[in-house]
Every structure is written in C-alpha cells, then in structure tokens.
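Letters A, B, ... mirror the listed sequences (proteins, then strands); counts begin at 1.
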Amino acid sequence: MNFPSKLVEDAVNEFAKLPGIGKKTALRLALYLLSQPADNTQNFTTAVSRMRSDIRFCDNCHNIADGDLCGICSNALRDHSTVCVVENLRDVIAIENTEQYRGVFHVLGGVISPIDGIGPEQLRIDSLLEKVKQGTVKEIIMAISPTMEGDTTIFYISRKLQEFNQSIKITSIARGVAFGNELEYVDELTLARSIASRLPYESYMTAK
Amino acid sequence: MQLQNITLTNYKNYVQTNLSFCPTVNLIVGLNGAGKTNLLDAIYSLCACKSYFNYSDGQNIRHDSNFFRIEGNFLVENKSENIVFTYSVQKKKDFMRNRLSYDKLSDHIGLLPLVMIAPDDIALVKEGGELRRKLLDTTLSQLSSDYLHTLILYNKVLQHRNALLKQFAEQRLYDATLLQSFDTQLLATGRTLHQHRQTFIAALNPLLQQHYEHISNGRETVNGHYESALNQKDFALLLADNLTADRLQQRTTEGIHRDDWVFQSNGFALKKYGSQGQQKSFLIALKLAVYQYIYQQKQQQPILLLDDIFDKLDAQRIYQLLRLTSHNPAFGQVFISDTQATRLEAIFHDLKVVYKKFLVEDGVVTVFE
Ligand SMILES: [Zn+2]
C-alpha cells in the first residue's frame with residue numbers, strides 16, 4: 001500500500017498491529033479520525049494512553065483494578081472462601097457476566113506450556129498457594145480450558161495444594177455437551193468426556 | 001465405497017480436469033512425469049487430508065497459480081458424499097464435506113477409507129521404524145477416531161515433556177510434581193495406543209501370511225512382530241526407570257514413539273536377509289492385508305490405489321496380484337497406474353475384468369470407454 005503522507009502511513013501501521021485489523025481497515029480508521037474534529041482524536045488517544053499507564057492489577061487476584069484491590073476483592077458481600085481459578089481477564093469478565101458466581105477469582109495469566117516456555121514461575125501460582133496457606137479458603141474452582149495444557153495445569157496446582165492442605169475442596173467446571181446442543185452433532189471426544197463426567201440426575205436438575 | 005468423479009483445478013500439472021470413474025478397475029496410463037501419480041495423490045488427499053508423498057499443500061499448487069481445488073463425489077454405503085479440498089496462498093486450507101467446512105481435519109479421517117501402494121513404499125521394509133509407525137498410525141486412525149485423538153494428545157504431551165526436560169537441564173532445576181503432571185497424561189494416552197497397536201498387529205498376521213502366499217507362491221512363514229518397550233514393562237515403571245537417562249539426554253528416551261514393527265520371514269529379519277523379490281512381495285501382501293483388515297472392521301471396502309508398482313515385478317507376480325485385486329469380490333474400486341497399457345490390458349482381458357482406461361499426457365487426460 002502506498003501512502004501520500006508518512007504521518008498517515010505511521011498511524012495506519014500502528015492500527016494494523018491490533019488483532020483483527022488489516023491494512024484496509026486500518027486506513028479506514030485513520031481517514032475517519034482525520035474527517036472528525038481534532039478533539040475527538042485527542043480524547044481517544046488520552047483515554048487509551050491513560051488506560052495503559054494508570055491501570056493497576058489487583059494485589060489479591062491479579063484482575064484489572066483501579067486501586068490496590070479490584071472491585072470484586074474489595075466487595076465484602078462476595079464469598080471470599082471460594083476462589084475461582086481462571087487463565088485470564090477475559091474469563092473473569094465472561095464468568096461475571098453470567099451473574100451466577102458470588103465468590104472471588106484468581107487470575108493465573110495463562111496455562112503451563114513448556115513448548116511456549118511457560119512454566120509455573122511464569123504464572124501466578126505461588127500467590128495462589130500463599131493465599132490458601134492463610135487458611136480462609138475452603139474451595140478452589142478450576143475454570144480452565146479443557147485442553148491438554150489446561151488439564152496439566154489443574155493437576156499441578158491440585159498436587160501443590162494437597163502438599164500442605166488435605167482438606168481443601170478442589171472442583172473443576174463441568175466439561176461436555178453445551179446447553180442446547182443436539183447430541184448427534186457433538187464431536188465424539190466431547191461426548192466421551194461428558195459420559196465420563198456424568199452427573200447424578202437430581203443435581204443436574206437443581207444446577208439450572 | 002466408490003469415487004464417482006473428480007474435478008482438479010490448478011492441482012500440480014492439471015489446469016482443469018473432470019473425470020468419471022468406473023466402480024471396478026480404473027487404469028491410468030502415461031509416461032513418467034505425465035501426471036499419473038498426481039491424479040492418484042489427489043484421490044488420496046481427498047480421503048486423508050494430505051498428500052501421500054509428504055508434499056506440502058503449497059507444493060501442490062500448479063505453477064503460476066495461487067490456489068488449487070480438488071472436488072470428489074463419493075458413494076459411501078449408497079449415500080453420496082461431496083468432498084472439496086481447497087488450498088490458497090492467502091486463505092490457506094479448507095476441507096468441506098457436503099458444502100460444510102470441517103472445524104478439525106481429524107474429523108474427516110476414516111470417513112473414506114483407502115489403501116495406497118507406491119514404489120517408494122519398499123522403504124517400509126528396508127528402512128527405519130518411523131515409516132512403519134506412520135503406517136500403523138494412518139491405518140489405526142482410519143479405523144478409530146479414539147486412536148487418532150489419543151495419538152494427537154500423546155504427541156503433544158511428549159513435545160511438552162521433552163521441552164520441560166530441556167528446561168530443567170538448562171535452568172539446573174527439577175520439579176518432580178511438574179514432570180508428573182505431564183507423565184500422568186503420557187501414561188494414559190500411551191497405554192491406549194499400545195493396546196490398539198498390539199491388537200491390530202496380532203490380527204493382521206494371518207491375513208499377511210495368506211496374501212503373501214497368494215502373491216509369491218512362497219512357502220515361507222511371514223509375520224510382523226510388535227516391538228515396544230511397553231510389552232515387557234508397565235509404562236509408569238518404564239518412565240520411572242528412565243528418569244535419570246531422560247534428564248541426562250533431555251528427552252523421553254523410551255515409549256510408544258519408539259515402537260517398531262519388525263517384519264520377519266521364517267523368523268529372520270526381512271530387512272537384512274530378504275531378497276528384493278521377497279521384500280517386494282511382502283510389501284504388497286502387507287498393504288493388501290491392511291486393506292482386508294480395514295474392510296473387516298468397517299464393513300466397507302476401501303479404495304485401493306496401486307501407483308506404478310509393476311516395474312520390478314515378474315509377469316507371474318503381476319498376474320497373481322491383478323487376479324487377487326481386480327476380479328475378486330473381496331476388493332472394491334481399484335485405481336492402477338502404469339507406464340504401459342498392453343501388459344495389464346492383456347491380463348484384464350484374460351480375467352474378464354471390466355475396466356476403464358485413462359491416458360495421461362502432460363496433465364491432459366483422454367478417456368477410453
Ligand atoms: Zn481482586
């Protein structure tokens with residue numbers, strides 16, 4: 001793509017680095033900003049750069065926060081004895097949007113994956129273990145992707161927890177057939193897992 | 001199962017070709033380099049999602065084009081299946097069944113069973129274990145999606161475990177719990193694969209013997225022997241025993257990924273002691289036994305592709321092979337390629353085989369009804 005201006009070219013190249021944005025869309029965005037009053041662009045860049053420079057991460061759960069603690073951890077009405085372990089911030093938002101969960105979170109920052117150079121030290125596993133050592137946590141819910149790496153991470157954390165706390169309850173979110181799916185369209189692996197981790201009928205009914 | 005027709009667009013040396021096949025024997029003749037093998041490989045790719053000869057998808061695009069497309073209409077248990085495989089430089093790979101794209105290519109494996117024999121396959125008998133493991137894996141994956149998924153998982157866990165062993169050595173640390181987290185998954189998947197391979201190899205041996213006798217008139221006892229470290233020792237014990245070696249060599253030294261399938265004739269290794277003729281007869285018998293096994297298990301006849309395998313076979317063996325595969329209710333649709341038509345056609349006439357002939361010249365096909 002050829003540009004009449006180096007300034008436009010630089011802006012387009014920056015936009016194009018964002019996920020899901022190609023060169024054409026980047027050019028459209030840049031030209032749109034040019035067509036609007038200069039204040040709009042000023043407001044846009046200020047908001048983005050303030051978000052980046054002023055954002056904090058919760059001291060307790062590593063969720064995004066405006067202060068030392070995030071809105072969830074500083075909420076006394078939440079159940080602080082139940083901790084839901086998730087991979088990233090997106091998962092926190094997804095679970096919060098269900099409005100079903102009243103406990104708190106712990107954001108790992110990924111899953112164990114040696115081929116990508118990610119070991120336990122690269123994740124926030126130590127701070128989770130520290131939190132449990134303090135003794136107020138009764139249940140850990142593993143809400144981690146049902147992949148090989150996810151399973152490994154769950155296994156590792158569970159073992160580490162059991163090394164010093166035998167009584168803690170460790171659960172994992174149910175894996176299997178999605179609600180509203182017809183069985184014949186579910187792939188065999190998912191179906192096999194759903195059968196292996198089947199639930200008693202009554203608890204299935206009350207879970208809704 | 002049957003391939004009714006195929007359309008190739010910008011595939012290898014084919015610009016645009018549409019061919020209808022007959023349900024029995026399809027004879028594809030032409031000089032070397034005319035495109036016979038490309039046509040068979042296109043058929044193979046529609047069933048296996050990739051080239052038989054390990055060509056990358058990009059390598060299969062015709063010179064000066066930026067995409068290829070293969071479309072085939074199959075008849076599977078009287079139901080028609082439309083399969084389209086497209087690859088373009090920009091959009092990459094797309095595999096469609098009845099106009100719906102697959103999410104995962106592995107979901108397609110096994111729908112259209114097939115067996116192919118090509119001249120270079122003799123390396124299966126002559127060379128290292130990797131090729132034999134690949135034959136085990138491609139065969140068992142066609143038969144069981146459980147096998148395929150477990151294999152994908154095993155290979156992934158293995159990669160992680162090896163990376164981890166390397167990191168332990170580099171960082172001079174060792175976390176037994178972390179290694180164990182991967183070992184549990186390696187054990188579960190490894191044991192499943194071992195079970196599948198053991199059952200398959202044992203069941204294949206009688207078929208192998210039977211086909212070998214048919215083709216070679218030989219009286220030798222032939223068999224494939226499954227060599228796996230898991231035969232003698234439980235996988236968990238094996239990993240425990242190898243821990244020091246694994247850490248030292250920074251990789252998983254023993255396991256399913258080191259299995260071999262040793263071919264023998266009268267108890268001697270065919271690789272070392274077999275003659276050229278014995279090896280070639282064995283290879284063909286092996287592939288036909290695989291064909292028969294898939295047929296038994298799936299209750300469906302695979303497509304058989306014989307690519308240019310007659311060159312170093314004597315007339316007697318060619319006759320036996322064609323009698324076995326072309327005029328026998330045990331075999332279904334067959335595709336045969338050869339540089340010359342006359343010797344095979346003479347046999348077909350003698351055996352009263354119904355066949356259709358295709359002449360390939362530089363990517364252009366002439367059909368003889
Ligand atoms: Zn928090």
For B/Asn162, which atoms come within 4.5 Å of any heavy atom of chain A: side chain, backbone, both, or neither? neither

N/O donor-acceptor pairs under 3.5 Å from side chains in residues 57-67 of chain A, not counting sequence neighbours:
residue, atom, partner, partner atom, Å
A/His62, NE2, A/Ser127, OG, 2.9

Answer yes or no: are there more than 12 heavy-atom neighbours, outside B/Glu130 itself, under 6.0 Å from its atom CD? no

Of the listed B/Leu178, B/Asp107, B/Leu164, the one with the largest count of heavy-atom pairs under 4.5 Å with chain A is B/Leu178

Kindly compute the distance separating CZ (B/Arg161) from CD1 (A/Ile115), expressed to the nearest 0.5 Å. 14.5 Å

Step through the shown structure and confirm whether more than 12 heavy atoms of other residues, nucleotides or ligands are within 6.0 Å of NZ on B/Lys166. no

Checking an interface table here. Which of residues 179-201 of chain B come within a heavy-atom distance under 4.5 Å of chain A? B/Gln180, B/Ser181, B/Phe182, B/Thr184, B/Gln185

Enclosure of B/Asp103 CG (heavy-atom neighbours >12, cutoff 6.0 Å): no

When rounded to the nearest 0.5 angstrom, what distance separates CD in A/Glu121 from CD in B/Gln171? 6.5 Å

A/Tyr32 OH: over 12 foreign heavy atoms closer than 6.0 Å: no

Hey, is NZ on B/Lys298 packed in by over 12 heavy atoms from elsewhere, all under 6.0 Å? yes

Name the region of B/Lys104, side chain, backbone, both or neither, that has any atom closer than 4.5 Å to a heavy atom of chain A. side chain

B/Lys93, NZ atom: more than 12 neighbouring heavy atoms under 6.0 Å: yes

Heavy atoms under 4.5 Å from chain A: which residues of residues 144-159 of chain B carry them? B/Ser145, B/His149, B/Leu153, B/Lys156, B/Val157, B/Gln159

With a sphere of 6.0 Å drawn around OH of B/Tyr55, does it hold more than 12 non-hydrogen atoms of other residues, nucleotides or ligands? no

Please identify, among A/Ser158, A/Gly117, A/Gly119, A/Ser113, the residue contributing the most non-hydrogen atom pairs under 4.5 Å to chain B. A/Ser113

Flag the pair B/Asp175 / A/Tyr156 as yes when at least one side-chain heavy-atom distance between them is below 4.5 Å, and no otherwise. yes

Is it the case that more than 12 heavy atoms not belonging to A/Lys138 sit under 6.0 Å from its NZ atom? no

Of the non-hydrogen atoms in A/Pro114 and B/His160, which two are nearest, and what is the gap between them? CD-ND1, 3.2 Å

Residue-level interface, residues 159-174 of chain A with chain B, non-hydrogen cut-off under 4.5 Å: A/Arg159, A/Lys160, A/Glu163

